[in-house]
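In this text the structure is predicted, and so the values were computed from the model without any measurement.
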Amino acid sequence: MTKLSVNINKIATLRNARGGDRPNVVQTAKDCERFGAEGITVHPRPDERHIRYQDVYDLKAVVTTEFNIEGNPTPDFLKLVKEVRPEQATLVPDAPDAITSNAGWDTIRYKDFLTDVIGELKGLGIRTSIFVDPVVEMVEGAAAVGTDRIELYTEDYARHYHTNREQAIAPYLAAARKAQELSLGLNAGHDLDLDNLKYLHDTLPNLMEVSIGHALICDALYYGLENTIQLYLRQLK
């Protein structure tokens with residue numbers, strides 16, 4: 001079964017826009033779990049423009065499902081992850097000024113760096129995942145550095161889904177099959193929504209987890225958070 005991990009960065013963005021503590025990210029995480037979410041994802045960035053480092057410590061104390069921390073493995077990020085020890089750390093090569101993640105790792109070019117980081121995290125019992133583009137060679141490179149899972153960057157799939165979904169998903173299917181061949185766990189995320197999620201889920205083999213934030217929170221403005229989480233869970237059945 002594919003798990004739904006709710007990324008709550010946008011809740012923190014809304015809070016930070018006004019100051020204070022409304023909406024409260026800790027309470028939102030607890031409510032997401034109560035409404036059926038099977039994981040909570042956060043992506044703290046160096047400027048703390050949405051999720052703050054302190055939020056991550058606060059969330060660790062209350063998240064009862066799977067806690068997934070995403071981010072660029074800078075020294076500060078790695079210190080945070082090592083202290084919090086989430087169930088999963090997802091390594092993303094985003095620049096400090098990136099609005100959102102916009103590319104996967106070159107797992108061949110950064111083989112030595114990723115091998116060292118993954119070794120450290122796995123030594124602490126933290127499951128690791130590497131954010132990658134749907135390129136078979138990058139999947140092979142991910143396996144070579146010892147990661148437990150990969151997360152396929154699905155922005156390109158989402159962009160072309162309504163034009164030709166079979167063509168849009170073809171490279172993802174090839175990457176997923178390669179991951180299966182190499183015994184890599186498979187996650188996916190970025191721009192997944194109520195329109196394109198079910199087809200992705202039904203097509204990719206052994207999809208273990210999707211991380212969804214922006215679209216889910218946007219939908220919650222209309223449908224309510226509890227109902228929205230249930231709508232997304234239905235797409236994964």
Side-chain angles (χ1 to χ4, degrees), residues 1-11 13-14 23 25 28-43 63-70 87-88 90 92 100-102 104 127 129 131-134 139 149-180 184-237:
M1 187 180 92
T2 306
K3 291 184 177 181
L4 172 66
S5 185
V6 176
N7 186 317
I8 59 172
N9 276 21
K10 285 299 184 293
I11 299 298
T13 301
L14 182 59
V25 296
T28 300
K30 292 166 67 176
D31 288 337
C32 285
E33 291 184 322
R34 183 163 58 89
F35 298 152
E38 296 147 316
I40 299 296
T41 292
V42 293
H43 189 144
V63 172
T64 61
T65 56
E66 178 189 281
F67 196 22
N68 173 45
I69 304 178
E70 299 180 342
E87 283 72 27
Q88 179 172 270
T90 300
V92 183
T100 185
S101 304
N102 54 21
R127 186 173 73 234
S129 180
F131 199 59
V132 296
D133 296 314
V139 177
R149 296 187 185 183
I150 56 169
E151 178 176 333
L152 291 178
Y153 170 44
T154 49
E155 191 269 343
D156 195 62
Y157 161 73
R159 183 192 297 128
H160 296 102
Y161 173 80
H162 291 288
T163 303
N164 186 327
R165 67 180 191 177
E166 290 82 8
Q167 183 176 321
I169 207 167
Y172 293 87
L173 181 55
R177 286 172 172 164
K178 178 57 67 173
Q180 185 177 29
L184 284 175
L186 183 68
N187 298 340
H190 205 87
D191 287 349
L192 297 176
D193 59 27
L194 289 173
D195 291 327
N196 59 44
L197 178 58
K198 181 171 176 54
Y199 183 67
L200 182 92
H201 168 261
D202 291 349
T203 305
L204 299 189
N206 296 329
L207 181 61
M208 304 179 80
E209 175 183 300
V210 291
S211 174
I212 305 178
H214 183 78
L216 190 151
I217 299 304
C218 289
D219 288 333
L221 295 175
Y222 290 91
Y223 304 133
L225 184 59
E226 180 174 10
N227 189 42
T228 297
I229 288 174
Q230 291 299 311
L231 289 172
Y232 275 85
L233 287 170
R234 287 176 201 166
Q235 307 308 306
L236 299 173
K237 290 183 178 178

As an exercise, state the distance from CG of Asn227 to CD of Gln230, rounded to the nearest 0.5 Å. 7.5 Å

For the residue pair Arg177 and Leu173, establish whether any side-chain heavy-atom pair is separated by less than 4.5 Å. yes

Contacts satisfying salt bridge (charged side-chain N to carboxylate O under 4.0 Å, His left out) that involve residues 157-174 (not counting sequence neighbours) are Glu155-Arg159, Asp156-Arg159

What's the shortest heavy-atom distance between Ile8 and Cys32, and which atoms? CG2-SG, 4.4 Å

Under 3.5 Å, sequence neighbours excluded: what are the donor-acceptor pairs made by side chains of residues 208-221?
from	atom 1	to	atom 2	distance (Å)
Glu209	OE2	Gln88	NE2	3.1
Ser211	OG	Thr41	OG1	3.4
Asp219	OD2	Tyr232	OH	2.7

Partners meeting ring pair (Phe, Tyr, Trp, His ring centres under 6.0 Å) with Tyr161 (sequence neighbours left out): Tyr157

Please report the shortest heavy-atom distance between Gly36 and Ile229, naming the atom on each side. C-CG2, 4.1 Å

Can you see which heavy atom on Ala29 is nearest to which on Ile40, and at what distance? O-CD1, 3.8 Å

Asp193 side chain to Asn196 main-chain N or O, any donor-acceptor pair under 3.5 Å? yes

Any side-chain heavy-atom pair from Leu152 and Leu204 closer than 4.5 angstrom? yes

Drop me the distance from Ile169's CD1 to Asp202's CG, to the nearest 0.5 angstrom. 9.0 Å

Check the pair Phe67, Val42 against side-chain contact (heavy atoms from CB on, under 4.5 Å), reporting the backbone distance first and the verdict last. CA-CA 8 Å; Phe67 196 22; Val42 293; 3.8 Å; yes

In the structure I gave you, are the side-chain heavy atoms of Ile69 and Thr90 within less than 4.5 Å of one another anywhere? no

How long is the span from the CD atom in Glu33 to the OG1 atom in Thr28, to the nearest 0.5 Å? 11.5 Å

Does some side-chain heavy atom of Lys3 sit less than 4.5 Å from a side-chain heavy atom of Thr65? no

Smallest heavy-atom separation, Asn7 atom then Asn9 atom, equals OD1-N, 2.9 Å

Nearest heavy-atom contact between Thr2 and Glu38 is O-OE1, 4.0 Å

What is the minimum heavy-atom distance between Ala188 and Leu207, and which atoms define it? CB-CD1, 3.9 Å

For side-chain contact (heavy atoms from CB on, under 4.5 Å), just list the numbers for Gln235 and His201, CA-CA rounded to whole Å, side-chain angles, deciding distance to a tenth of an Å, and then say yes or no. CA-CA 8 Å; Gln235 307 308 306; His201 168 261; over 6 Å; no

So, taking the atom named CG in Asn187 and the one named OG in Ser129, what distance separates them when rounded to the nearest 0.5 Å? 4.5 Å

Distance (rounded to the nearest 0.5 Å) between Asp133 CG and Phe131 CZ: 7.5 Å

Taking OH in Tyr199 as the centre, count heavy atoms belonging to other residues, nucleotides or ligands within less than 6.0 Å. Is the count above 12? yes

The reported gap from CZ in Arg234 to CG in Leu236 (rounded to nearest 0.5 angstrom) is 12.0 Å

Using side-chain heavy atoms (C-beta onward) and a distance below 4.5 Å, is Gln167 in contact with His160? no

